[in-house]
Peer 1: 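Sharing a structure, written as structure tokens. Questions coming.
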Amino acid sequence: QKEVEQNSGPLSVPEGAIASLNCTYSDRGSQSFFWYRQYSGKSPELIMSIYSNGDKEDGRFTAQLNKASQYVSLLIRDSQPSDSATYLCAVYAYSGAGSYQLTFGKGTKLSVIP
Amino acid sequence: KAGVTQTPRYLIKTRGQQVTLSCSPISGHRSVSWYQQTPGQGLQFLFEYFSETQRNKGNFPGRFSGRQFSNSRSEMNVSTLELGDSALYLCASSPRGLAGEGSYNEQFFGPGTRLTVL
């Protein structure tokens with residue numbers, strides 16, 4: 001069973017601070033990694049994808065990948081109240097029997113306090 | 001470019017009935033994946049269709065099935081509904097989808113269908 005683990009939170013940070021969200025995965029063969037944001041009552045929205053070790057920056061968001069440690073993280077700089085949401089980590093890997101799938105963590109709830 | 005659309009948005013059924021959900025992907029996207037989201041289990045992969053063929057499959061029973069049409073629109077069917085099938089059903093659209101090793105497979109979700117089984 002492929003597993004993707006996230007701290008469920010809630011993670012509370014003050015407005016303007018850096019929010020750090022972490023994710024670990026069990027399958028060393030995992031190939032692609034994604035962060036989705038899900039507001040309450042809405043569907044997940046893709047915010048970052050990362051495919052190789054290192055950092056990838058997009059505006060206030062930075063994704064970090066360390067395949068040796070099987071760890072992926074998301075940093076949100078200058079956090080805003082509008083960033084308050086549940087953040088889902090997703091990992092793409094071979095799941096057996098000829099199938100590939102995207103496996104999601106259960107999400108970390110982030111609350112940015114004004 | 002229009003996003004992913006799903007119909008209906010809300011559905012109430014009783015145990016033992018069957019239900020069909022529909023998903024229209026982003027124009028030009030050929031892959032449609034289906035997911036079930038519940039508070040306890042989170043987002044779980046059901047299956048993926050590409051060019052009218054089921055290409056990848058998760059660990060759900062055979063009561064869950066799907067199909068894809070030549071215009072890439074997809075339907076998901078659940079037969080003999082159980083109380084535990086109450087969930088948000090999401091479809092995700094992708095240009096190439098879960099295409100095997102080395103593929104880039106960003107997926108974009110529709111708004112979902114909220115299914116309640118009584």
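First the proteins, then the strands, lettered A, B, ... as listed; each starts at 1.
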Peer 1: Would you say B:N77 and B:T20 are linked by a side-chain donor-acceptor pair, where the criterion is simply a distance under 3.5 Å?
Peer 2: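 Distance-only check passes for B:T20 and B:N77.
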Peer 1: What part of A:Q38 gets closer than 4.5 Å to chain B, counting heavy atoms only: side chain, backbone, both or neither?
Peer 2: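 Just the side chain, heavy atoms under 4.5 Å.
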Peer 1: Side chain, backbone, both or neither: which part of B:L90 has an atom under 4.5 Å from a heavy atom of chain A?
Peer 2: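 The side chain, not the backbone.
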Peer 1: So which of B:Y35, B:F109, B:F47 has the biggest tally of heavy-atom pairs under 4.5 Å with chain A?
Peer 2: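 Greatest number of close heavy-atom pairs with chain A: B:F109.
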Peer 1: What is the minimum heavy-atom distance between A:C23 and A:V4, and which atoms define it?
Peer 2: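 Heavy atoms of A:C23 and A:V4 come nearest at SG-CG1, 3.4 Å.
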Peer 1: Just to verify, what does A:K42 make a side chain to side chain contact (heavy atoms under 4.5 Å, CB included) with, not counting sequence neighbours?
Peer 2: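 Here the qualifying residues are A:Y39.
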Peer 1: What are the two closest heavy atoms between A:S73 and A:W35, and how far apart are they?
Peer 2: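 A:S73 and A:W35 have their closest heavy atoms at O-NE1, 3.4 Å.
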Peer 1: Less than 4.5 Å apart, any side-chain heavy atom of A:T62 and any of A:E57?
Peer 2: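 Yes, side chains in contact.
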Peer 1: I need the A:R60 CZ to A:S79 OG distance, nearest 0.5 Å.
Peer 2: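 Answer rounded to 0.5 Å: 6.5 Å.
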Peer 1: Are A:F61 and A:R37 packed together at the side-chain level, in the sense that at least one heavy-atom pair is separated by less than 4.5 angstrom?
Peer 2: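 Side chain of A:F61 against side chain of A:R37, heavy atoms only: contact under 4.5 Å found.
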Peer 1: With a 4.5 angstrom heavy-atom cut-off, could you sort out which part of B:Q37 is near chain A: side chain, backbone, both or neither?
Peer 2: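 Just the side chain, heavy atoms under 4.5 Å.
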Peer 1: Suppose a student defines contact as a heavy atom less than 4.5 Å from any heavy atom of chain B. Which residues in residues 101-114 of chain A would they list?
Peer 2: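 So far as heavy atoms go, A:Q101, A:L102, A:F104, A:K106 are the residues that approach chain B to under 4.5 Å.
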Peer 1: What is the minimum heavy-atom distance between B:L81 and B:T14, and which atoms define it?
Peer 2: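 The pair with the smallest heavy-atom distance is CB-O, 4.1 Å.
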